Amino acid sequence: MPSGEYDPDTVEAKWQDRWVDDETYAYEGDVENPDTAFSIDSPPPTVSGSLHWGHVYGFTLQDFVARFNRMRGKDVYFPFGYDDNGIASERLAEDELGVRHQDYERREFQRMTQEVCEQYEAEFTEKMQSLGISIDWNQTYQTISPKTQRISQLSFIDLYEQGREYRQRAPAIWCPECETAISQVETEDDEQPSHFHDIAFEVVESDSIDADETFTISTTRPELLPACVAVFVHPDDDENQYLVGEEARVPLFDQEVPILEDERVDLETGSGIVMCCTFGDQTDIEWYQAHDLDLRLAIDESGTLTDVAGEYAGLSSEEAREEIVDDLEEDGALLDRRAITHTVNVHERCGTSVEFLVKDQWYVELLDKTDEYLEAGREMDWYPEKMFTRYKNWIEGLQWDWSISRQRSSGIPFPVWYCEACEHVVLAEKENLPVDPLSDEPPVDACPECGHDEFVPEDDVFDTWATSSLTPLINAGWDWDVEREEFTFENPELYQFDLRPQGHDIISFWLFHTVVKCYEHTGEVPFDSVMINGMVLDENREKMSKSKGNVVAPDEVVSKFPVDAARYWAAGSAVGDDLPYSEKGLRAGEKLLRKLWNASKLVESLTEDAPAEFDHEDLTQLDRWLLASLDREIERLTGRFESREFSKARDGLRGFFWHTFCGDYLEIAKQRVREGGDASAAYTLEVAHRRFLKLFSPILAHATEELWHDMYDDGESVHHSGWPEPLGVDADFEAGETAMEVVGALRKYKSDAKLSMNAEIDRVEVWGDVSGFEADISSVMHVEELETLDERPAVESVVTGVDLDYSLVGPEFGSQVSAIDDAIEAGEYETVDGELHVAGVELEPEMFEIEEERQYLGEGEMVEAGDAIVIVHEEA
RNA sequence: GGGCUCGUGGUCUAGCUGGUUAUGACGCUUCCCUUACAAGGAAGAGGCCGGUGGUUCGAAUCCGCCCGAGCCCA
């Protein structure tokens with residue numbers, strides 16, 4: 001029985017433990033009847049040791065959907081994935097164990113990583129459980145596990161066999177210090193001192209160019225001269241326009257390269273003419289792709305110059321730079337050398353300037369099927385709908401296929417070998433997966449193409465998105481059935497997934513790639529619906545980031561506020577909109593918890609003798625009115641949960657509970673029960689209260705569970721108690737509304753008269769239909785004698801103006817509306833037979849309403865109550 | 001630089017298929033200890049709906065431009 005103050009610390013921890021121990025949220029898994037499952041494909045967070053507040057927000061929104069559907073009788077599949085297949089966890093393992101991944105066989109290092117991650121995963125689990133998210137803890141997976149590796153490799157093989165993958169040479173970002181490829185997100189900008197070298201290039205003699213014509217190029221990297229493949233001039237650069245279409249001769253190395261024009265030339269830097277080398281920076285790569293330039297690879301993996309550099313081959317790039325500068329000077333080609341600082345791309349981990357290398361890389365073909373992928377996106381329901389635009393724009397802006405190769409030493413390997421002689425691709429057998437070609441043998445003894453018997457293993461690994469994009473397949477147990485020679489699902493009833501949650505920042509990567517891959521593997525769009533969540537901002541509406549130091553730690557919040565208060569906060573904005581962290585929002589949640597708790601204590605004390613059954617026909621007007629109003633609220637609320645309008649669901653339910661139930665109804669009902677043992681009221685209180693607990697349960701998961709067990713059923717969780725259906729009770733809504741307005745008017749009267757709310761009032765007259773509610777009004781407002789008037793009391797009405805219905809007047813009279821307004825303002829109008837004659841036109845009765853102020857001249861004091869009139873008589 | 005989204009009292013928001021009185025909550029002011037709750041109740045103040053043009057009889061709402069914020073891409 002609820003008593004005293006609500007103690008969330010104890011209550012929440014108790015239920016979190018019990019939910020886990022009792023497996024309250026376990027997925028039953030009825031494969032027979034796929035319609036009962038409601039499956040969620042929740043993107044797994046990166047295991048790096050801490051969950052941030054954004055995770056809490058995202059998971060809480062998913063939990064609203066999960067709990068609502070569970071209440072509606074669905075068998076909810078809510079899994080949890082640990083994303084430990086990535087750079088973050090690789091580094092974690094290296095740091096914790098004091099090792100380098102290069103020193104281990106890939107599989108072994110992954111086992112070590114998995115072990116290190118286990119501790120962090122346990123922490124994740126504990127934290128998620130302490131947030132009360134209704135995850136089924138029997139359904140977890142790790143992206144580094146052999147099972148996931150198998151699925152990733154199966155995916156690769158399937159796409160290859162479908163002809164959706166190809167291999168091509170392309171630039172990769174390379175750290176010469178770590179001797180590894182890195183992704184663009186692992187680079188950062190760094191200001192470094194350097195030198196600008198002004199170097200004279202000769203123009204190759206032609207019909208329009210004389211033999212000794214030269215121009216100047218400014219570069220910080222003269223060692224890249226041997227890699228120069230073109231020279232660029234800006235289209236707006238009138239002075240140098242004559243060079244476009246000619247050829248330039250590179251000093252010292254003498255290769256002749258085209259002079260082209262391109263808008264990406266920075267006119268402000270150096271001479272405004274720039275050389276393009278393969279590759280010095282990102283722009284060089286763009287030029288290479290845009291202008292179909294040659295490749296001249298002058299620097300290798302270790303930062304050493306190659307044979308392309310002729311006599312400089314074998315030197316490090318620093319050594320080569322110095323020698324080349326010296327030789328240029330000797331030749332007279334070095335016109336100037338000056339110190340500058342400039343921004344360079346460095347590896348965030350070691351600070352070394354990155355190089356661009358050209359590597360063979362695997363691609364998933366996308367560009368030929370963008371229309372289909374767009375259509376696939378359209379087949380899903382988007383919450384909110386507007387976020388589909390981002391998916392659409394992303395697809396429409398695609399310019400390259402998806403590169404899935406990463407030249408890293410750990411990660412999930414490509415299950416591929418190449419024939420040493422003819423480069424024929426040999427794939428692993430599906431039943432043998434996962435494999436690592438670096439340690440495992442290919443499945444054939446000789447090349448099926450040329451018969452050669454030596455193979456080169458592919459040493460690249462998959463881009464992590466290539467694995468992250470398979471979570472629906474991981475969850476549904478996708479696998480290759482050797483007997484039947486087809487792909488199968490262990491839990492086919494889960495696919496398509498009913499809900500895919502996703503942050504709006506990664507729609508383009510995570511969601512898009514997942515849709516593409518699953519669509520290609522199954523021929524079906526993986527998700528029935530997508531729910532996009534916004535970002536959590538700090539209290540000043542700024543993005544949370546470690547460097548700003550404005551990150552909110554979940555632990556801190558939860559130690560200060562109840563988890564249910566955080567859940568209340570999370571329901572505070574439209575899905576898809578960013579939400580600022582707000583302690584005020586959390587406090588509002590606490591207030592609601594307190595209100596619910598206190599109201600429940602009261603209901604408990606009033607319903608001890610409540611009958612289990614009561615014919616609804618025999619309930620009093622007020623009781624039927626309350627239940628019928630609750631019916632309406634349930635319908636509204638259900639619709640809002642269905643359309644994932646959590647904020648409206650929350651505020652609507654809160655308002656109804658707080659004002660209508662606690663404010664209007666409970667005040668009356670408690671007197672009826674206390675003073676007369678009213679069974680109708682006691683029954684209604686209990687029915688309504690049970691329903692409120694169910695309705696609040698998706699949001700206030702802990703408090704409702706505690707109250708439910710205390711008051712109604714210690715055996716079953718409120719979260720499995722079933723969503724209430726409307727009772728279909730008949731009621732006179734209008735009379736009920738009027739009665740509540742009369743009560744409100746009497747409260748205002750007392751407030752204005754500085755009377756206490758339980759002060760007695762001698763006599764009240766009411767004009768207006770409150771039939772059936774008279775006794776309720778009297779008892780709650782302590783009215784000795786309440787009289788309803790059949791006739792409108794003698795009220796003197798003073799016309800104060802005319803209220804036009806512009807939605808009718810506007811279309812009818814158009815430009816005359818302002819004249820009508822002016823005439824009314826000036827009082828120049830009259831009513832004739834119900835019509836309003838004004839400014840030379842006649843308005844129909846439905847177009848206007850005469851506004852009047854009512855003054856009561858009789859005895860007692862008049863209080864307005866909407867359309868009703870209340871007259872208070874005090875004997876004094 | 002390009003695309004998308006957002007901008008409403010001090011704060012967070014509803015409304016945004018155009019209709020004149022802009023919703024609710026938090027905070028604030030005044031009053032009320034009424035035995036569920038004073039962390040409650042009643043009343044009240046506070047917004048020219050980011051700015052600026054336009055469409056219209058009428059714009060928070062539709063359109064153009066500008067400013068600011070967030071995200072993605074370059």
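Only this structure's heavy atoms are used, side chains among them; waters, hydrogens and symmetry mates stay out. Being a predicted model, the structure only gives us computed values, none of them experimental. Labels below follow one simple rule: chain letters A, B, ... track the order of the sequence lines, proteins then strands, and each chain is numbered from 1.
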Would you mind telling me which of [options] lies closest to the side-chain atoms of [X]?
X	options	result
A:K591	B:G27, B:A43, B:C6	B:G27
A:P580	B:U13, B:G44, B:A25	B:U13
A:K748	B:C71, B:C57, B:A43	B:A43
A:A599	B:C73, B:A36, B:C57	B:A36
A:R654	B:A25, B:C37, B:C73	B:A25
A:R390	B:G19, B:C4, B:A25	B:C4
A:T389	B:C73, B:A36, B:C4	B:C4

Original post:
What do the steps show when you test A:E590 against A:R587 for salt bridge (charged side-chain N to carboxylate O under 4.0 Å, His left out), and what is the final call?
Top reply: CA-CA 5 Å; A:E590 267 187 299; A:R587 267 185 234 117; 5.6 Å; no

Touch check for [X], heavy atoms < 4.0 angstrom, all strands: base, sugar-phosphate only, or nothing?
X	value
A:G810	base
A:K670	base
A:D578	sugar-phosphate
A:F813	nothing
A:G655	nothing
A:R674	sugar-phosphate
A:W569	nothing
A:K750	nothing
A:A574	sugar-phosphate

Check the distance between [N]'s [atom2] and [X]'s [atom1] and give it to me in whole angstrom.
X	N	atom1	atom2	answer
A:E583	B:G27	CD	P	13 Å
A:E686	B:A36	CD	P	19 Å
A:L808	B:C57	CG	P	18 Å
A:K601	B:C37	NZ	P	6 Å
A:D577	B:C71	CG	C1'	13 Å
A:Y383	B:U5	OH	P	20 Å
A:N533	B:U5	CG	P	18 Å
A:N598	B:C33	CG	P	20 Å

**OP:** Check whether more than 12 heavy atoms from other residues, nucleotides or ligands sit under 6.0 Å from atom CD of A:E583, and answer yes or no.
**Re:** yes

Subject >> A:R632 atom CZ, over 12 foreign heavy atoms within 6.0 Å >> reply: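 Count not over threshold, so no.
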
Would you measure the distance from the [atom1] atom in [N] across to the matching atom in [M] and give it in whole Å?
N	M	atom1	result
B:A45	B:U55	P	37 Å
B:C57	B:U20	C1'	12 Å
B:U35	B:A60	C1'	47 Å
B:C48	B:A43	P	25 Å
B:U8	B:G47	C1'	8 Å
B:A38	B:C32	C1'	10 Å
B:U13	B:G53	P	28 Å
B:G18	B:C63	C1'	13 Å

Hey, is [X] close enough to [Y] for a salt bridge, meaning N to O under 4.0 Å?
X	Y	result
A:K601	A:D710	no
A:K670	A:E667	yes
A:R644	A:D381	no

Under-3.5 Å donor-acceptor pair between [X] side chain and [N] base:
X	N	result
A:K584	B:C12	no
A:E667	B:A36	yes
A:R747	B:A42	no

Identity of whatever pairs with [N] - Watson-Crick or G-U, under 3.5 angstrom:
N	result
B:A39	none
B:U21	none
B:G27	none
B:C16	none
B:C33	none
B:A69	B:U5

**OP:** Please tell me which of A:A588 and A:L537 maps to the more 5' nucleotide of RNA chain B, matching each residue to the nucleotide holding its nearest heavy atom.
**Re:**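 The residue closer to the strand's 5' end, by nearest nucleotide, is A:A588.
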
Subject >> Residue whose closest nucleotide on RNA chain B lies nearer the 5' end, A:S508 versus A:R587 >> reply: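 Counting from the 5' end, the first nearest nucleotide belongs to A:R587.
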
Original post:
Which word best sums up how the rings of A:F661 and A:F657 line up, parallel for under 30°, tilted for 30 to 60°, or perpendicular for over 60°?
Top reply: parallel

Original post:
So is A:R390 actually on top of A:W382's ring, under 6.0 Å and inside 45° of the axis?
Top reply: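 Negative - A:R390 is either too far from the ring of A:W382 or too far off its axis.
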
Original post:
Taking all non-hydrogen atoms of both residues, which atom of A:D401 and which atom of A:L366 are closest, and how far apart?
Top reply: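 Result for this residue pair: OD1-N, 2.8 Å.
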
Original post:
Would one find a side-chain N or O of A:K392 under 4.0 angstrom from OP1 or OP2 of B:C72?
Top reply: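 No, outside the criterion.
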
